[in-house]
Amino acid sequence: MKKIIYAFLCTGLLSLTACDSFLEEDSKAKLTADSYLKTELQATSQVNRMYWHGAPRHISKASSAYVGPRASLDAMLTGYFVNSYEGQEITCMYSRLLTRQQNVSTVSGMMNEIWDDCFNAINSANGAIKYIPGISMSSASAAKLMGEAKFFRAFNYYYYLVKTFGAVPMPVEPYESLENLFLERTPVDQIYTLIESDLKDAVDNLPATKFADNGKRITKYAAAMLLTNVYLKQGKYAEAAQYAKVVVDSPHSLTQNGDLGMSSAYNKLRSTDDLDEVIYAQEYNESIQTGDWWPTYAFSSQAVALFGTYSIFERIYGPTDQFLNVYEESDLRVQPNQFFHWEYTHPESGLVWKSEQAGCWYYYDENALLNTGRATKDWNFFRYAEALLAAAEAIAQSSGVTAEAAGYLAQIKARANMNGKTVAQFTTELQALSKDAFVKECLTERLREFPLEFKIWDDCTRTGLFPVISKNQKGKVEYVSLVGASNASGAVFKESDLLWPISIDELQRNPNLTQNPGYN
């Protein structure tokens with residue numbers, strides 16, 4: 001049941017204020033939290049709204065036929081992923097060529113959207129966190145709502161704002177008047193202190209159950225996965241290992257292959273909602289909230305001739321041939337109709353689509369493309385595979401290459417291996433690696449496991465390493481220092497490439513802000 005979607009439709013129009021954007025001066029802002037957040041229903045509505053606003057939507061929302069979610073732009077910085085329509089969507093081109101510094105006015109609009117949406121969501125979370133303790137409801141209900149609000153405050157601060165802009169203002173109270181609107185940037189370490197505190201509270205108070213079994217609401221394990229990523233970002237590996245193992249020991253589990261074809265784990269992840277592997281997802285359905293253009297991203301523009309359900313098809317986020325060399329020959333994930341595809345025959349008309357460049361099979365939604373024109377597949381933010389890889393890396397960094405760490409990494413490698421190599425065999429081999437080699441193997445496996453989930457740039461910035469994938473030897477990856485390295489389009493990374501610019505609009509609104517170094 002699509003519980004959050006339904007709740008959002010019924011009550012999501014209620015919000016902390018009626019302002020549509022952060023710091024927007026609007027007379028409707030007189031509707032403040034102390035006059036609104038009075039009942040459990042209102043508090044639930046306030047929290048429901050967070051599922052559909054801010055950072056999650058910049059990762060999962062396919063609202064345009066020509067450019068993907070804002071998170072896709074980060075991956076294009078590596079040069080390994082391209083948008084075939086970048087002549088129009090030039091922010092994609094500026095990202096790939098590392099020329100954002102000379103084109104701030106063009107990039108600014110998207111950055112303003114990210115800033116406003118995330119701070120709007122934080123403002124909603126701040127209101128919920130302030131007023132829920134005073135609302136009459138059971139302590140269990142209050143704890144869950146507070147845990148969800150703190151998760152989303154952390155998600156917006158960490159998962160987008162800090163990683164995108166670095167230091168940002170850090171309001172922790174809801175805006176209920178026009179006073180103290182224009183805050184200075186708070187140092188990143190102070191923001192991380194708040195994020196860690198919020199997520200620890202969320203882990204302690206949210207239900208210890210699977211996401212699908214919790215009405216698709218945030219759980220203890222979603223909060224622990226996000227906290228793991230926060231600790232990895234800061235190089236706090238012992239803490240990352242602690243919380244990654246919370247997820248590893250949870251009721252979640254790795255999806256297994258039924259076969260090496262359409263019943264593979266990767267096809268199940270593509271086509272099936274509510275798998276035990278899914279720790280947190282954005283839910284979609286046909287009647288209330290669809291996945292918009294996601295299915296069209298699976299093809300190039302020539303696919304228009306095959307389908308009557310969508311008017312536009314574009315390869316808005318496609319891997320280069322060089323990126324595909326990250327996979328060894330025996331890796332199931334690079335075989336046709338797993339993560340990628342090069343040819344498709346329409347099952348009714350027999351018309352054929354072919355491409356020299358890989359299309360993204362992971363985005364293929366059969367019913368939407370063949371029948372309804374309405375995407376319904378949920379978008380997976382966190383999967384159990386990520387918990388295993390994070391635990392393996394964090395344990396190795398903090399305790400060395402133990403059997404436990406090797407075993408976690410081995411599960412991912414064994415699932416993808418087409419030659420029947422077992423988890424035990426991989427574990428034995430991996431334990432023989434040095435710490436440095438093992439960690440790099442974890443990073444390489446992340447490239448292979450999450451190619452279409454926009455995680456590559458986060459790994460580059462948190463490790464300070466850039467993966468140089470061989471152009472002629474499959475499976476070979478070397479790692480070099482990020483700053484000073486050439487991306488796959490031949491552009492050289494500068495220190496200023498690690499962050500995006502603050503939007504021109506926001507700098508004009510708030511005189512206390514300063515621009516990130518390197519941007520005009």
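Residue numbers run from 1 in the order of the sequence given. Values below: all heavy atoms of this structure, side chains included; hydrogens, waters and symmetry mates excluded.
The CD1 atom of Ile316 sits 12.5 Å away from atom OH of Tyr66, with the distance rounded to the nearest 0.5 Å.
Below 30°, between 30° and 60°, or above 60°: for Tyr364 and Trp361 the angle between ring planes is below 30°, a parallel geometry. Under the 30°/60° scheme for interplanar angles, the aromatic rings of Tyr158 and Tyr192 are found to be tilted. The aromatic rings of Tyr297 and Trp294 stand perpendicular to each other, their planes meeting at an angle above 60°, with 30° marking the opposite boundary. Ring planes of Phe152 and Tyr51: perpendicular class, angle over 60° (limits at 30 and 60°).
Between the side chains of Asp117 and His58, at least one donor-acceptor pair of N or O atoms lies under 3.5 Å. No side-chain donor from either of Ser105 and Ser108 sits under 3.5 Å from a side-chain acceptor of the other. Neither side chain, Ser250 nor Lys210, offers a donor N or O lying under 3.5 Å from an acceptor on the other. Residues Arg49 and Ser124 bring a donor and an acceptor atom of their side chains to less than 3.5 Å of each other. Side-chain contact annotation: Arg217 with Asn48, donor-acceptor N/O pair under 3.5 Å present.
By the neighbour-count criterion of 12 heavy atoms within 6.0 Å, atom CD of Gln515 is densely surrounded, having more than that number from other residues, nucleotides or ligands. For Lys61, the NZ atom sits in a loose shell: 12 or fewer heavy atoms of surrounding residues, nucleotides or ligands are nearer than 6.0 Å. In this structure, Lys144 places its NZ atom where only 12 or fewer heavy-atom neighbours from other residues, nucleotides or ligands lie under 6.0 Å away.
A salt bridge is absent between Lys377 and Asp365: the closest approach of a Lys/Arg side-chain nitrogen to an acidic carboxylate oxygen does not fall below 4.0 angstrom.
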Requested in this report: Decide yes or no on ring pair (Phe, Tyr, Trp, His ring centres under 6.0 Å) for Phe454 and Phe81, but give the supporting numbers first.
Outcome: CA-CA 10 Å; Phe454 316 135; Phe81 295 88; 8.5 Å; no
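Exactly one residue among Val168, Leu513, Asn512 makes a side-chain contact (heavy atoms from CB on, under 4.5 Å) with Glu184. That residue is Asn512.
Between the Ser197 side chain and the Leu194 main chain, no donor and acceptor come within less than 3.5 Å of each other.
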